[in-house]
Amino acid sequence: MEIRKVGVVGCGTMGSGICEIVARAGFDVVVHEISDVALEHGKERIQRSVDRAVERGKSDRAEADALIARIATTTSLADLGGCDLIIEAVPEHLDLKKEVFAALDEVAGPETIFATNTSSLPVIDMAVATKRPDRVVGFHFFNPAQVMKLVELVHTVATDPEVLESAKLFAEGLGKTAVACRDRAGFIANLLLFPYLNSATRMYDQGYASREDIDASMKLGCGHPMGPLELLDLIGLDSSYEICEALWRQFRDDQDAPAPLLKQYVVAGYLGRKSGRGFYRYEHPESPKIVDGVTPDGGVTGSPFSTIGVVGTGLMASGIAEVAAKAGNEVILRGRSEASIKKAKAAVQKSLDKAVSRGKLDQANADEILGRITTTLEFSDLAECDVVVEAVAEDLAIKTTIFEELDRATKPECVLATTTSSLSVVDLAAVTGRPDKVLGLHFFNPAPIMKLVEVVRTVATTQNVVETCTSWIDAIGKHPVQCRDRAGFIVNFLLFPYLNDAVRMHEEGYGSPEDIDAAMKLGCGHPMGPFELMDIVGLDVTHAILDSLHEEFRERRYAPAPLLEHMVRAGYLGRKSGRGFYDYAR
Ligand code: NAD
């Protein structure tokens, strides 16, 4: 069926974006709202967005005017009578949506296709509110609809395949990629996204880390375009609350129940950007500009430490030695054998050579940096260090022995730090005589490139040590975020359960790794889908981190998915073994 004229019901955050892209693709649009005031707001929103596209040179004034002229507005549903497709984008309440569809059924022609932009509600419930359940689909755009490439195309048990095909062609005509999904709460992207957003909300509510640090962690640690709390503000906290509710109703998993803080914000009228206040305060409603954000110093000049010890000779150790030496610190790297020390120094040399060949560093500078790194086999050579960063194998017994050695070898005021990504920092603090000066400094791999460092304080670490180390991380050009000593810290705690959920979703036959990866890249702007990411991280590493999260929290969601477990046993570890969720030509 050919679609020429499109109706849109609701001209809020999503409805206005949908009107714009549909009109931009050349279709005539009629948009319906509950009142003239709401229509005015919607029209202003569309105008602002279209003007922005002109300012940015993405379209010219004549095109913009023609686009606006293709959008007719109405407060009477009867005016949608002549449309071939009607997309509903009213608030996320099932009764309201059912009412809208029942009313549309009375005014629209028998061939008209109905689409709902619901993020989480069962499409079948809306379909059966009409006399044309076979002509009702879910057509789930992502916010902002003008930008995000994904449309989840949801079919119910009643959907006619021809209707689905027409909807798919229409999506492609808008320049979108349609991923087919079954009618299950959250479809693909939100089913993976919202438990993660909900966890981040709880993490903030528990005072585990600040809003800025949670958001910075996911942007810098995972390359997400927005942190979870900023994203919730963009999506709207009322819609987010309803989506979590819908997930909970369908799956009855306590983890999906909306975090209490979400409800409090919604009741208080803090709906996110659209109301000018959510997790953050904005310049005015609809503005993206945060006015109460706290940014880290960034301006710290001079390192509070001069001599840095690094224990270990692997990738992390050599990376950290390089970063500290680059920032002007004297570095003493301690390894177990001449051969491993040589390897670590060669790794630094190689990385510096690369920087020189790319013109980022001159040779004299590179030589100076390398000259600042001395190596040793003896712990006693670390005696004068101000801080020692341990970066050896992720094994509690090995790390414990090293902390005992460090406690004996270093001066009493020396700070002892571990780069562990999954062990409890306090276990290491407890074997020293200076638990107040022990903390976690969790660098990300590769350390010379990744900006983020999680500064982890235990119950025993003094605030002074935390602040001094935060300043040091700042001084060596990294972005420090502070959190408490709990499995997964910020990034892994939020990331790995999400990866595990993706494996479960695939295991249940709900989506292929390709579709799920496409949904998260195109719908959420993630640089990589969960399966691509697990293949890089290693399925064995993913499994081990989930195990440690499960061990600490004992929640079912963190227990490694059976498929992941089997793949690890089969030796399908990801890129490093040539096969993971994808096959890699060797
Ligand atoms: P919103 O609150 O910004 O907009 C909803 C609009 O619908 C408002 O302008 C309201 O006046 C209007 N409305 C209410 N009742 C109506 C009626 N009976 N007839 C016509 N208009 C009516 O909400 P939103 O964020 O645009 O969400 C709309 C839908 O899109 C929801 O189902 C939501 O789950 C879904 N969605 C939202 C996002 C997001 O990120 N916000 C992304 C994808 C899908």
Side-chain angles (χ1 to χ4, degrees), residues 7-21 30-46 49 73-80 86-104 107 114-123 125-126 129 138-154 176 181 185-191 193-194 197 226 228 230-247 258 266 269 271-276 278 285-286 519 522-525:
V8 177
V9 184
C11 197
T13 309
M14 293 307 290
S16 55
I18 295 169
C19 285
E20 182 184 335
I21 44 161
V30 190
V31 57
H32 169 265
E33 258 291 353
I34 35 169
S35 66
D36 288 327
V37 175
L39 265 183
E40 250 342 283
H41 282 147
K43 271 161 54 184
E44 279 165 19
R45 201 175 297 115
I46 299 173
S49 168
T73 57
T74 181
T75 51
S76 160
L77 270 189
D79 290 336
L80 272 59
I86 300 177
I87 305 171
E88 164 279 312
V90 303
E92 191 76 345
H93 298 297
L94 186 57
D95 288 342
L96 172 64
K97 289 185 189 277
K98 278 161 67 174
E99 246 172 59
V100 167
F101 277 109
L104 283 173
V107 298
F114 290 172
T116 170
N117 184 45
T118 181
S119 309
S120 57
L121 300 169
V123 179
D125 286 353
M126 290 168 244
F139 208 86
H140 184 222
F141 288 93
F142 286 75
N143 191 2
Q146 304 90 316
V147 179
M148 304 311 286
K149 283 264 171 242
L150 181 71
V151 170
E152 287 175 325
L153 192 52
V154 187
K176 302 289 180 196
C181 311
F187 314 126
I188 293 177
N190 283 346
L191 186 49
L193 186 67
F194 272 85
L197 297 178
M226 298 180 93
E230 295 168 298
L231 180 57
L232 281 161
D233 272 359
L234 173 72
I235 292 169
L237 303 189
D238 49 348
S239 298
S240 302
Y241 179 85
E242 293 303 330
I243 293 168
C244 292
E245 270 288 337
L247 293 183
V266 173
L271 306 184
R273 271 197 206 180
K274 61 184 167 189
S275 70
E286 309 277 353
L522 302 175
C524 304

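Just so it is clear, the values below take in all heavy atoms, side chains as well, and ignore hydrogens, waters and symmetry mates. Both counts, for ligands and for their atoms, begin at 1 and track the order of listing.
For G236, the closest heavy-atom approach to ligand 1 does not fall below 4.0 Å.
Closest to atom 22 (C) of ligand 1 among all protein heavy atoms lies V90 CG1, 3.6 Å. The protein heavy atom nearest to atom 14 (C) of ligand 1 is P91 CD, 3.3 Å. Atom 23 (O) of ligand 1 has its closest protein heavy atom at K274 NZ, 4.1 Å. Shortest contact from atom 30 (O) of ligand 1 to any protein heavy atom: N117 ND2, 2.9 Å. Scanning the protein heavy atoms around atom 17 (C) of ligand 1, the nearest turns out to be I34 CG2, 3.5 Å. Annotation: atom 26 (O) of ligand 1 to nearest protein heavy atom, M14 N, 2.8 Å. Ranking the protein heavy atoms by distance from atom 11 (O) of ligand 1 puts E33 OE1, 2.8 Å first. Protein heavy atom at the shortest distance from atom 20 (C) of ligand 1 is H32 ND1, 3.3 Å.
The main-chain N or O of A145 is found under 3.5 Å from a side-chain atom of K176 such that the two form a donor-acceptor pair. Between the side chain of D125 and the backbone N or O of K98 there is no donor-acceptor pair closer than 3.5 Å. A donor-acceptor pair under 3.5 Å is formed between the side chain of E92 and the backbone N or O of S119. A donor-acceptor pair under 3.5 Å is formed between the side chain of N143 and the backbone N or O of L234. Of the possible donor and acceptor atoms, one in the side chain of E152 sits under 3.5 Å from a partner among the backbone N and O of I188. Side chain of R45 to main chain of G15: no donor-acceptor pair is present (N/O by atom type, distance under 3.5 Å, no hydrogens or angles).
Between L247 and N190, the shortest heavy-atom distance links the atoms CD1-O, 4.1 Å. When all heavy atoms of L231 and M226 are compared, the pair lying nearest together is CD1-SD, 4.0 Å.
Residue-ligand proximity, G12 to ligand 1, at heavy-atom distances under 4.0 Å covers atoms 3 (O), 4 (O), 6 (C), 9 (O), 26 (O). Of all atoms in ligand 1, numbered sequentially from 1 with element shown, those under 4.0 Å from a heavy atom of N143 are 39 (C), 40 (O), 41 (N). Close contacts of ligand 1 with T118, meaning ligand atoms under 4.0 Å from a residue heavy atom, involve 32 (O). Ligand 1 places these atoms under 4.0 Å from at least one heavy atom of G10: 7 (O), 20 (C), 21 (N). When each atom of ligand 1 is checked for a heavy atom of V9 under 4.0 Å away, the hits are 19 (N), 20 (C). Taking every non-hydrogen atom of F141 and a distance limit under 4.0 Å, the qualifying atoms of ligand 1 come out as 42 (C), 43 (C), 44 (C). Residue-ligand proximity, S239 to ligand 1, at heavy-atom distances under 4.0 Å covers atoms 25 (O).
Residues in residues 31-42 take part in these salt bridge (Lys or Arg N to Asp or Glu O under 4.0 Å) pairs, two or more places apart or across chains: E40-K43.
Atom OG of S239 and atom NZ of K274 lie 4.5 Å apart (nearest 0.5 Å). Expressed to the nearest 0.5 Å, how far OG1 of T13 lies from CG of L271 amounts to 9.5 Å.
For the pair L232/Y241, no side-chain contact is recorded, criterion being any heavy-atom separation below 4.5 Å from C-beta on. Contact annotation: the side chain of H140 never approaches that of V151 to less than 4.5 Å [non-hydrogen atoms, C-beta and beyond].
For atom 34 (O) of ligand 1, the candidate residues are E92, E99, H41; the nearest heavy-atom contact is made by E92.
By the 3.5 Å distance cut-off applied to N or O atoms, L96 is not counted among the residues near ligand 1. Considering backbone and side-chain N/O atoms, H140 never comes within less than 3.5 Å of an N/O atom of ligand 1. Geometrically, ligand 1 and S119 share a nitrogen or oxygen pair separated by less than 3.5 Å. Taking any N or O of I235, backbone or side chain, at least one lies under 3.5 Å from an N or O belonging to ligand 1. For ligand 1, the polar-atom distance check finds no N/O of E88 at less than 3.5 Å from any of the ligand's N/O atoms.
Paired with E88 under the rule side-chain contact (heavy atoms from CB on, under 4.5 Å), one option of L96, V8, V100 passes, and it is V100.
The proximity of K97 to ligand 1, defined as any non-hydrogen pair under 4.0 Å, is limited to the side chain.
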